[in-house]
Structure formats: structure tokens, C-alpha cells
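Everything below concerns the one structure shown next.
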Amino acid sequence: MTHIYQKNESIIRIIITGFLNTTDIIAAINKGHIYQFIVKPWEIVQMRMVLSQATYTWKLKKENNELQKELLTQNYLLTQANKRLHTSKQTLRNLSISLFTAREEEQRRIAMELHDELGQSLAALKMQTRIMEHDFLPAEKAQQEKIKSWSTVLRSSISQIIEDVRLLSKNLSPVIIEDLGLDAALQQLIDNFTQAHGISCSFQPAPLQDITSADGKRIVYRLVQETLNNICNHAEATHIHFPIKVDQEKIFLSLADDGKGFHVQEVLARPQSRRGIGLTAMSERVKMLGGKIDIQSIINKGTTVSFTIPVDFDRKKKE
Ligand SMILES: Nc1ncnc2c1ncn2[C@@H]1O[C@H](COP(=O)(O)OP(=O)(O)OP(=O)(O)O)[C@@H](O)[C@H]1O
Ligand SMILES: [Mg+2]
């Protein structure tokens, strides 16, 4: 019986015996895993019942085995699918980062073109108006005055366009991040913002040198920039509280305005075609850094947008 059990445990084993030696019976049960012991003389009815139960048990065991095999296969397939999903997610994240980098590169190129080409051409145009003014000096007094006043108007329009181009170029590519670092770039962003919109801001900077990658710095800058844009476009706020906290694992930035607030869930539930791209772009960018965004808003009290970003972003990016 032990031999049969070891060869194929699914076989149902029944012993029909006339001997009742307890030692043998215990050995058969323990080693041979006997299903039933029938002591002679046996009844045909009893035998039929035992056999039908044994057949039923065997069928159940067989089905159970097949189900377990199926479960193992399904588990294996699920693990494989999960692995593929993880790889796809990683690829998608890397793609988003490459796309972001490519877009930033392109914007930087356009910013430089604007600054170097258009800026220089406009400066040259401004000089030409002076030359024109000079060339017309021998003209009659009345004409001279006219030319002078037109020339002044023209020069001030050109100066305004130069200033616009400079601002546009600066916004397209915050070169200041590379020149002065993220802390100084954020400080300048806030200074320009408060000056332009008359909204005060209590900015509490913290050393951000832990963000070492150029992408990381630019993303953080863009997050703050977009949050400020939303405040000046929608919040009707008078003040912003903007602390930055850094510990060994994460950087925490939070911008709290005292504006009119909005229904966050309602806005996020709108189809993409019926809302702006600011909040979506922000959460995509935070995801690229492996971080989290949280928006809390109370009507007539204000909105707080917080970002938690892991400092080991560079390591995560390589994984
Ligand atoms: N600080 C805020 N105060 C009040 N409402 C806000 C604030 N930030 C966002 N909102 C609301 O959330 C909406 C969605 O913002 P989101 O930045 O996604 O789009 P948008 O600013 O309308 O357009 P876009 O950013 O594309 O120029 C806004 O239209 C506004 O109603
Ligand atoms: Mg916006």
C-alpha cells in the first residue's frame, strides 16, 4: 500500500481483510493512507456504498487537482502580465521625461532665437529710427517736429516690443535656473509675480541643492509657475503663503492662496475637452518625479496646492 501511495497518491486504497492485527492496521493507515478498512465478511450493500463514495472522492480530488493546476497557470500568467505592466509604466514614464526634455530643449532654442535674432533686429530698427531722424534734420521746422515726435513714438513702441520679447524668451526657458540655481530662480519668479499682480507672497525658501538633475529643477520651476498662473487667473487672492520644507527623503512645496477657492473634485471630473490643461500637466509632471500633488480648496477661503517630491528622483529615474 505504501508503494502504491508513493507511486500515485490519487489512487483510492481500500483494504478488505479478515485479519485484525492493530499494528498492521495502524501502519497501513499511516504509511499507505488507506481510504477505508473493510472487515470480512462484507455485505454487498455496504461494499457498493463504499465504492460509490470512493469513486466520488476520487473524482473530487481529480477536479481539485485540475483546478489547482489551472490556478497555478493563471497565477503565473498574472505575474507575467504584472511584470509587463510594470515595464510598460516605466517605459511610459521615461518617454514622458524624454518628451518633457525635448520640449524644454525646443523651447530653449526658440527662446534663444527670440532673444538673439528678433531682439537684435528690433534693437537695429530702433537705431534706424534715430538715423532717419538725423537724415531728415535739414527738413523744414514743422516737418522736423513731426518727424521727431513720430520717431519718439516709434522708438517707445519698439522698446516695448523688445521688453515683451525678452519676457517671452525668459518665460519660455528659465535660463536663470542654470545661472543662479533653483532657489534664486524661484525667488525671482515670486518677485516678478508680486510686482506684476500686486499679490503679496510670504516665500520661505529652503536649500534645494538636493534636486541635482536639470529636468528635476525645471519641473519644480514649472509647477510653481503654473500654480502662480492659476492664482492670478482664477483665485482673486491678495496673499500667498509659500513655504518649502526639505528633509532627507522629500521636498515639500505648498502654495496657499486666500482667494475664492473652487470645487476641486468637480473640476477634475470634467472631461479634458472642457477644462484647461494646467492641473493635468502639473500632476503629469509630479508623476515624472515620482511625487504627489494635493489640492485642498475651500470656497471663499482659498486654495492650497502642495507637492511632495522624493529627493532621490535621479536614482528612481534610472531604475
Ligand atoms: N488657485 C485657484 N483658485 C481658484 N480656482 C482655481 C485655482 N486653481 C485652479 N482653479 C480652477 O481650476 C480650473 C482648472 O485649472 P487648470 O489650470 O487646469 O486650467 P485653466 O487655468 O483654466 O487653463 P490653462 O491652465 O490651460 O490655461 C480653473 O479653470 C479654475 O476654475
Ligand atoms: Mg491654469
Side-chain angles (χ1 to χ4, degrees), residues 92-93 96-97 99-104 106-108 110-111 114 164-165 167-174 176-177 182 185-205 215-245 251-309:
L92 202 66
R93 211 169 87 174
S96 306
I97 293 173
L99 201 67
F100 177 81
T101 313
R103 200 170 54 203
E104 287 283 330
E106 183 61 8
Q107 285 188 352
R108 207 206 318 240
I110 297 171
L114 276 176
D164 289 349
V165 167
L167 254 176
L168 190 69
S169 144
K170 221 163 95 181
N171 280 338
L172 268 175
S173 179
I176 183 180
I177 300 177
L182 183 57
L186 287 179
Q187 183 68 62
Q188 205 193 69
L189 184 65
I190 299 291
D191 290 347
N192 289 344
F193 178 83
T194 49
Q195 219 180 359
H197 304 286
I199 302 172
S200 62
C201 179
S202 52
F203 178 46
Q204 295 164 7
D215 281 346
K217 287 183 207 172
R218 270 186 243 143
I219 292 176
V220 170
Y221 186 90
R222 294 289 187 212
L223 291 174
V224 175
Q225 197 177 36
E226 178 53 33
T227 310
L228 291 176
N229 280 346
N230 274 351
I231 293 174
C232 79
N233 289 337
H234 312 293
E236 294 169 21
T238 59
H239 184 74
I240 302 168
H241 179 58
F242 179 15
I244 300 183
K245 288 176 196 144
I251 295 160
F252 178 79
L253 302 96
S254 134
L255 290 105
D257 70 57
D258 62 352
K260 62 178 186 180
F262 71 109
H263 294 286
V264 182
Q265 294 311 325
E266 193 196 296
V267 167
L268 294 182
R270 281 183 206 155
Q272 195 64 65
S273 55
R274 280 190 44 231
R275 66 179 164 109
I277 54 161
L279 295 180
T280 313
M282 278 203 271
S283 68
E284 283 303 311
R285 281 174 177 160
V286 174
K287 260 191 228 156
M288 281 182 211
L289 300 177
K292 277 192 293 190
I293 178 172
D294 177 59
I295 306 172
Q296 300 290 334
S297 193
I298 303 175
I299 300 298
N300 295 330
K301 285 256 186 254
T303 304
T304 302
V305 182
S306 315
F307 307 101
T308 312
I309 294 157

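When a residue number appears, it is its place in the shown sequence, counting from 1. As the structure is a computational prediction, the values presented were derived from the model and not from experiment. Order of listing sets the numbers, starting from 1, for every ligand and every atom in it.
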Legend entry - atom 8 (N) of ligand 1 [closest protein heavy-atom partner, distance rounded to 0.1 Å]: N230 CB, 3.5 Å
Legend entry - Top protein contact for atom 21 (O) of ligand 1, by heavy-atom distance: H234 NE2, 2.7 Å
Inset, instruction - Flag the pair T227 / F307 as yes when at least one side-chain heavy-atom distance between them is below 4.5 Å, and no otherwise. - result: yes
Inset, instruction - Show which atoms of ligand 1 fall inside a sub-4.0 Å distance from at least one heavy-atom site of I277. - result: 24 (P), 26 (O)
Inset, instruction - Classify the contact between E226 and ligand 1 as side chain, backbone, both or neither, using a heavy-atom distance cut-off of under 4.0 Å. - result: side chain
Inset, instruction - Can you pull out the closest protein heavy atom to atom 18 (O) of ligand 1? Residue, atom name and distance to 0.1 Å, please. - result: L279 N, 2.9 Å
Legend entry - Crowding at CD, Q204 (>12 non-hydrogen neighbours, <6.0 Å): yes
Inset, instruction - First locate atom CD1 of I244, then atom CG of L186, and finally report the distance between them rounded to the nearest 0.5 Å. - result: 5.5 Å
Inset, instruction - Among all protein heavy atoms, pick out the one at the shortest distance from atom 23 (O) of ligand 1; state its residue, atom name and that distance to 0.1 Å. - result: G276 CA, 3.4 Å
Legend entry - Heavy atoms of other groups near I299 CD1, more than 12 under 6.0 Å: yes
Inset, instruction - Quick one: look up the protein heavy atom nearest atom 13 (C) of ligand 1 and list residue, atom name and how far away it is. - result: V267 CG1, 3.7 Å
Inset, instruction - List the closest protein heavy-atom neighbour of atom 11 (C) of ligand 1: residue, atom name, distance to the nearest 0.1 Å. - result: F262 CD1, 3.5 Å
Inset, instruction - Indicate yes or no: does an N/O atom of G278 lie under 3.5 Å from an N/O atom of ligand 1? - result: yes
Inset, instruction - For ligand 1, find out whether one of its N or O atoms is nearer than 3.5 Å to an N or O atom of K260. - result: no
Inset, instruction - State whether the shortest distance between N or O atoms of G261 and N or O atoms of ligand 1 falls below 3.5 angstrom. - result: no
Legend entry - I295 CD1 to N230 CG distance, which is reported to the nearest 0.5 Å: 8.5 Å
Inset, instruction - Return a yes/no value: protein heavy atom under 4.0 Å from atom 15 (O) of ligand 1? - result: yes
Legend entry - Part of D257 with heavy atoms under 4.0 Å of ligand 1, whether side chain, backbone, both or neither: side chain
Legend entry - Set of side-chain hydrogen bond (donor to acceptor under 3.5 Å, both in side chains) partners for Q187, sequence neighbours left out: D191
Legend entry - Nearest neighbour in protein (non-hydrogen) for atom 2 (C) of ligand 1: T303 OG1, 3.9 Å
Inset, instruction - With 2.8 Å as the limit, jot down which protein N, O or S atoms are around the Mg ion (ligand 2). - result: E226 OE2, N230 OD1
